[in-house]
Amino acid sequence: MNSHHKGPYADAGSGCRSSVSAVPCTDDAKKFPSNEIAPGSRILIIGGTSGIGLSVVERCSCYGARTVVIGRSAGSKELPQGAEGITLDMCEEDASHQLRRIVGKELGGLDILIYCASSFSRSRIDHMSDEQWDEMWNLNVTRFFQVVRDLSETMQSSRYPRIVAISSITGPITGLPAMSHYGAAKCAIEGFVRTAALEFAETNSGITINVVRPGLILTESLKQSYGPERIDAMNRLIPRRRLGTPEEVASAVCYLASPAASFISGASLVVDGAQTLVENPYAP
């Protein structure tokens with residue numbers, strides 16, 4: 001941990017909510033919990049400086065949440081109003097212990113933990129080094145386990161304690177050449193989440209823990225990796241005929257972090273435009 005940065009966006013929340021007047025709630029409607037993050041929630045987002053993670057930060061800012069964003073360059077990033085960036089490399093051995101100090105100092109407690117940290121290196125099995133495998137596993141699986149272990153006790157005093165991790169369709173549903181380490185890590189995350197959900201339920205902690213499985217999402221890194229022709233070809237393979245957006249994934253994350261998701265735990269929410277439902281993409 002070596003730097004802090006608070007974003008200058010004075011109107012970051014503008015446009016987040018519709019200006020159309022809502023229909024007044026009836027007494028019956030009031031019994032339904034909100035599908036929006038509770039105002040004033042204390043949120044820790046790990047890996048929130050680009051792509052899906054940054055969209056999650058932007059979405060959380062719409063609710064007036066107090067958000068700390070962790071990343072290798074988070075302290076130097078411009079972030080939405082209400083979000084504070086703290087630079088921390090999650091590959092450091094004591095990263096989870098540093099996070100516990102950060103949560104106590106910057107937030108005074110924790111309501112929502114969102115784990116977006118990941119890496120996306122490619123290597124075929126016969127060329128993959130032990131270091132490549134270990135780096136992928138440590139960031140995706142080991143650090144996630146450590147963070148949940150070290151911060152879950154703090155979350156038990158929250159009214160709506162929520163943990164959400166970003167997984168992928170790669171691994172749990174599909175395979176991708178040169179991504180065996182990535183797919184294996186995402187499978188491990190989901191196995192951990194299902195068991196953690198049971199343990200949290202047994203202790204009556206109130207904590208729910210879930211994952212979101214994105215499909216092909218049009219992030220800036222994907223745009224840079226593939227040209228327009230390749231992206232057009234990807235679009236045609238998806239029943240919705242387009243790639244998803246980071247904002248759509250962020251909306252799914254924030255739903256699972258809301259009071260409305262209080263009876264959802266150990267679940268995997270697929271956000272892929274029905275991509276993984278296709279048996280034969282070339283069928284008429």
Side-chain angles (χ1 to χ4, degrees), residues 12-13 15-18 20 22-23 25 29-48 51-69 80 82-83 110-118 144 148 152 155 158-169 172-173 186 189-190 193-194 196-197 200-201 205-219 240 242-277:
C16 294
R17 300 172 186 266
S18 171
V20 178
V23 176
C25 281
K30 291 178 182 178
K31 68 184 179 183
F32 294 98
S34 173
N35 60 4
E36 297 182 348
I37 287 176
S41 292
R42 299 161 299 178
I43 304 177
L44 178 67
I45 301 176
I46 300 172
I52 291 171
L54 180 57
S55 289
V56 173
V57 175
E58 293 170 345
R59 186 70 171 136
C60 289
S61 74
C62 297
Y63 303 112
R66 295 167 54 200
T67 304
V68 167
V69 181
L110 186 62
D111 302 302
I112 299 169
L113 167 64
I114 302 174
Y115 197 88
C116 304
S118 187
F144 178 52
V148 171
S152 57
M155 300 178 69
S158 170
R159 185 178 181 187
Y160 303 113
R162 303 283 184 264
I163 300 174
V164 185
I166 299 297
S167 180
S168 175
I169 62 170
I173 303 178
K186 295 302 184 182
I189 287 174
E190 298 203 20
V193 162
R194 285 190 283 273
F200 289 143
S205 65
I207 298 173
T208 66
I209 181 169
N210 297 285
V211 301
V212 173
R213 288 179 186 164
L216 287 170
I217 305 300
L218 193 59
T219 60
R240 296 283 294 174
R242 65 173 179 84
L243 274 65
T245 67
E247 292 78 13
E248 288 170 317
V249 180
S251 292
V253 170
C254 288
Y255 167 69
L256 290 174
S258 75
S262 59
F263 205 58
I264 302 173
S265 196
S268 302
L269 177 56
V270 178
V271 183
D272 72 346
Q275 176 184 348
T276 50
L277 300 180

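Contact check for Thr245 versus Leu218: no side-chain heavy atoms found under the 4.5 Å cut-off. Counting heavy atoms from C-beta outward, Arg162 and Ser258 have side chains that stay 4.5 Å or more apart. With a 4.5 Å cut-off on side-chain heavy atoms, Ile209 and Leu113 do not count as touching. Residues Pro172 and Ser167 have side chains in contact (heavy-atom distance under 4.5 Å, counting atoms from C-beta outward). Counting only heavy atoms from C-beta outward, the side chains of Arg213 and Thr276 never approach each other to under 4.5 Å. Two residues are said to be in side-chain contact when any heavy atoms from C-beta on lie closer than 4.5 Å; Arg59 and Val253 fail this criterion. Between Tyr115 and Val148 the shortest side-chain heavy-atom distance does not fall below 4.5 Å. Side-chain contact between Ile37 and Ile43 is present, with heavy atoms from C-beta onward closer than 4.5 Å.
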task = Start with the C-alpha distance between Ser152 and Phe200, add both sets of side-chain angles, then the distance that settles side-chain contact (heavy atoms from CB on, under 4.5 Å), and finish with yes or no.
result = CA-CA 9 Å; Ser152 57; Phe200 289 143; 3.8 Å; yes

inquiry  = Ile264 vs Thr208, test: side-chain contact (heavy atoms from CB on, under 4.5 Å). Steps then yes/no.
reply    = CA-CA 7 Å; Ile264 302 173; Thr208 66; over 6 Å; no

request  = Please report the C-alpha distance between Phe144 and Ile46 in whole Å, then the side-chain angles of each, then the deciding distance to 0.1 Å, and finally whether the side-chain contact (heavy atoms from CB on, under 4.5 Å) criterion is met.
outcome  = CA-CA 10 Å; Phe144 178 52; Ile46 300 172; over 6 Å; no

query = Where do Met155 and Ser205 land on the side-chain contact (heavy atoms from CB on, under 4.5 Å) test, with the steps shown first?
reply = CA-CA 8 Å; Met155 300 178 69; Ser205 65; over 6 Å; no

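When all heavy atoms of Leu110 and Ser158 are compared, the pair lying nearest together is O-CB, 3.8 Å. The shortest non-hydrogen separation linking Asp111 to Gly40 is OD2-O, 4.5 Å. Taking every heavy atom of both residues into account, Leu256 and Asn210 meet most closely at CD1-CB, 3.9 Å. Residue Cys60 comes nearest to Ile114 through the heavy atom pair SG-CD1, 4.3 Å, listed as atom of the first residue, atom of the second, then distance. Among all heavy-atom pairs drawn from Asn35 and Ala260, the shortest one is CA-CB, 3.6 Å. The heavy-atom pair separating Gly206 from Pro161 by the smallest distance is O-CG, 3.3 Å.
Salt bridge present: Glu248 and Arg242 bring a charged side-chain N and a carboxylate O closer than 4.0 Å.
Note that OG of Ser251 and CD of Glu36 are 10.5 Å apart. Values are rounded to the nearest 0.5 Å. Atom-to-atom distance recorded for Thr67:OG1 and Ile112:CD1 is 8.0 Å, nearest 0.5 angstrom. Here OG of Ser34 is found 8.5 Å from OH of Tyr160. Values are rounded to the nearest 0.5 Å. Interatomic distance, CD1 of Ile52 versus OG of Ser168, reported as 8.5 Å (0.5 Å rounding). Summarising the geometry, atom CD1 belonging to Ile189 is positioned 7.0 Å from atom OG belonging to Ser118; distances are rounded to the nearest 0.5 Å. The distance from atom CD of Glu58 to atom SG of Cys254, rounded to the nearest 0.5 Å, is 11.0 Å.
Of the possible polar contacts, none joining the Glu190 side chain to the Ser268 backbone as a donor-acceptor pair under 3.5 Å is found.
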